[in-house]
Structures are given as C-alpha cells and as structure tokens.
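Here the structure is laid out as structure tokens; the discussion comes afterwards.
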Amino acid sequence: MCCKINGVFTVALCTRRPASAEDLSNVVEAVRADAVSSSQNDAGDTLLRFDRPAPIITLIGEASRREGVCVGVGADSGEGNPRYGVEDYAVRALRRARSRSGDMPVVVRGRAAESAAWATGLAQLLFFALARRSEAGWEVSNLVRSGLNQKQAARTLNVTEQAVSQRLRAAGYRETHNVEPLLLCLLDQAAQPPTR
C-alpha cells in the first residue's frame with residue numbers, strides 16, 4: 001500500500017433507467033455490510049458512507065456488471081470543509097456520471113481535485129475492463145479473490161487448471177487486481193486537503 005487511508009467516502013448511486021432498479025439494489029447489497037450508513041437524498045439517489053475506500057472497488061465491479069447504474073464517489077478528509085462535504089462531492093460526481101457527456105458511469109470528486117481526476121480515470125479504466133468480463137471470468141475471479149488457488153478453483157468448478165488459467169487471463173484478473181491498490185491510494189489522496 002502506497003499510502004495511509006484516513007479519509008471518509010460517500011458513494012451516490014442511481015440508474016439511468018427505471019428498469020435498472022433491481023440492478024441498483026444488487027449493487028447496494030454487495031457492499032451494504034461495509035457501509036457505515038446508507039440513505040436516500042431528496043433526488044432519490046442512494047447514498048452509502050464508508051470509512052475506508054476498499055468497498056468502492058467491489059462496488060465498481062458490481063456496477064460494471066449491470067447496465068445503467070451510475071456511480072459518484074465523494075472523498076473528504078472528514079476534518080470539515082467550509083465549501084463542500086463528502087456527500088456534496090458524491091452528488092456532484094454522480095451528476096457528472098449520469099450526464100450524457102459523461103465518458104463512463106463512474107466519477108470521483110474530492111478535496112484534492114487533481115487526485116480525484118486521476119482516481120476517476122483509473123476507476124473508469126477498471127470499470128471498462130470489468131464490464132467486458134464474462135460470467136465464467138467473474139466466477140473464477142471471485143473464487144481466486146476469495147483465497148482459493150487455481151487448483152482449488154478448478155476442483156470447485158469441476159474444470160481443469162488450464163481452463164481456470166485461461167479464464168483468469170481472459171478476465172484480465174491479474175491486471176485489474178494489480179491496479180486496485182493504486183486506485184485506493186488515489187481515492188485517499190482525493191480525500192486530503194491539497195498541499196501548497
């Protein structure tokens with residue numbers, strides 16, 4: 001880990017289409033246990049507050065599997081900001097993610113704008129890579145991520161180790177897994193007051 005995590009994070013979620021309400025519910029349920037609190041704002045957006053950024057990685061993965069779910073991440077140091085709070089950052093990020101001009105449906109806003117922009121770029125890249133993962137790729141990736149080695153995953157799936165290896169490679173497991181620590185650091189940096 002390249003940095004010490006000491007920020008607070010709020011994620012605002014919505015769907016672009018009413019038909020995606022069940023998809024949104026599935027995304028929320030994947031991380032609800034890690035949330036410090038959850039609520040809805042006046043616009044009907046779901047807000048989840050975290051005291052660490054790791055669940056945001058899971059949330060991005062779950063959102064990438066479902067069409068129409070938009071994610072806005074707010075990052076703040078928790079020391080109080082006279083202009084914006086962490087929920088304000090999340091809602092502003094969600095507004096950008098939801099807009100038609102948004103490149104991808106995930107955006108980060110925070111106290112350190114430059115770090116938030118870098119986090120947005122990496123989060124969008126991760127989203128893009130995960131959105132192309134097949135169900136078989138998700139299945140084997142989730143097993144390996146849970147701590148199984150390839151041999152154990154092969155036994156669990158009743159396939160060969162070579163098939164597991166091929167699925168992991170096709171899923172881009174190593175590449176996506178390797179960028180996660182960098183995204184966590186960028187999220188933390190986005191939460192910190194800019195240094196001058």
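Just so it is clear, the model here is predicted, and its values are computed rather than measured. Only this structure's heavy atoms are used, side chains among them; waters, hydrogens and symmetry mates stay out.
Residues S38 and R49 bring no donor and acceptor atom of their side chains to less than 3.5 Å of each other.
The two residues F127 and P105 come nearest to each other via the heavy atoms CZ-CG, 3.5 Å. Nearest heavy-atom pair across A153 and V164 is C-CG2, 4.1 Å. Heavy atoms only, all atoms of each residue included: A171 and G137 are closest at CB-CA, 3.9 Å. For G72 against A93, the heavy-atom pair with the smallest separation is CA-CB, 3.7 Å. Taking all atoms of both residues into account, the shortest heavy-atom contact from A90 to A12 is O-CB, 3.8 Å. Pairing each heavy atom of Y89 with each of A75, the nearest pair is CD1-O, 3.7 Å.
With a 4.5 Å cut-off on side-chain heavy atoms, R98 and C14 count as touching. At a threshold of 4.5 Å between non-hydrogen side-chain atoms, the residues L13 and V28 count as touching. The shortest side-chain heavy-atom distance between V107 and V71 does not fall under the 4.5 Å cut-off. Annotation: side chain of Q189 is not in contact with side chain of E114 (no heavy-atom distance under 4.5 Å). A 4.5 Å side-chain heavy-atom check between V159 and R167 finds at least one atom pair inside the cut-off. Proximity of V31 to F50: side-chain heavy atoms (C-beta onward) are separated by under 4.5 Å at one or more points. Side-chain contact between L125 and V179: absent, with no pair of heavy atoms (C-beta onward) separated by less than 4.5 Å.
The line from CG of D45 to CG of L24 is 9.5 Å long, rounded to the nearest 0.5 Å. Here the CG atom belonging to L48 is positioned 10.0 Å from the CG atom belonging to D34, to the nearest 0.5 angstrom. Here the CZ-CG distance, from F9 to D188, works out to 5.5 Å after rounding to the nearest 0.5 Å. Separation of atoms OG (S39) and CD (E87) is listed at 5.5 Å; rounding is to 0.5 Å. Atom CZ of R96 sits about 12.5 Å away from atom CG of L94, to the nearest 0.5 Å. The CZ atom of R133 sits 4.0 Å away from the OG1 atom of T176 when rounded to the nearest 0.5 Å.
The cluster map of Ile, Leu, Val, Met, Phe, Trp and Tyr, joined by side-chain heavy atoms under 4.5 Å apart, puts I57 and V144 in different clusters. Cluster annotation: V36 is not connected to V73 through the hydrophobic network of ILVMFWY side chains, with a link wherever side-chain heavy atoms come within less than 4.5 Å.
Taking a cutoff of 4.0 Å between a charged side-chain nitrogen and a carboxylate oxygen, R109 and D88 do not qualify as a salt bridge.
Partners of A119 according to the side-chain contact (heavy atoms from CB on, under 4.5 Å) rule, which considers only residues two or more places apart in sequence or in another chain, are V108, L183, L186, L187. With sequence neighbours left out, E62 forms a side-chain hydrogen bond (donor to acceptor under 3.5 Å, both in side chains) with R66. In this structure, the salt bridge (Lys or Arg N to Asp or Glu O under 4.0 Å) partners of E180, at least two apart in sequence or on a different chain, are R145. Partners of Y173 according to the ring pair (Phe, Tyr, Trp, His ring centres under 6.0 Å) rule, which considers only residues two or more places apart in sequence or in another chain, are H177.
Pairs passing the side chain to side chain donor-acceptor pair (under 3.5 Å) check and including a residue from residues 154-165, sequence neighbours excluded, read S165-R169.
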Side chain to side chain contact (heavy atoms under 4.5 Å, CB included), that's the test. Do W118 and L122 meet it? Break it down for me. CA-CA 6 Å; W118 293 337; L122 193 56; over 6 Å; no
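Here the options are L168, L157, N149, the test is side chain to side chain contact (heavy atoms under 4.5 Å, CB included), and the partner is L143; only L157 passes.
Listed for the S115 side chain is no donor-acceptor partner under 3.5 Å among the backbone atoms of A112.
Residues V91 make up the rest of the hydrophobic cluster containing L47, defined by ILVMFWY side-chain heavy atoms closer than 4.5 Å, directly or through other members.
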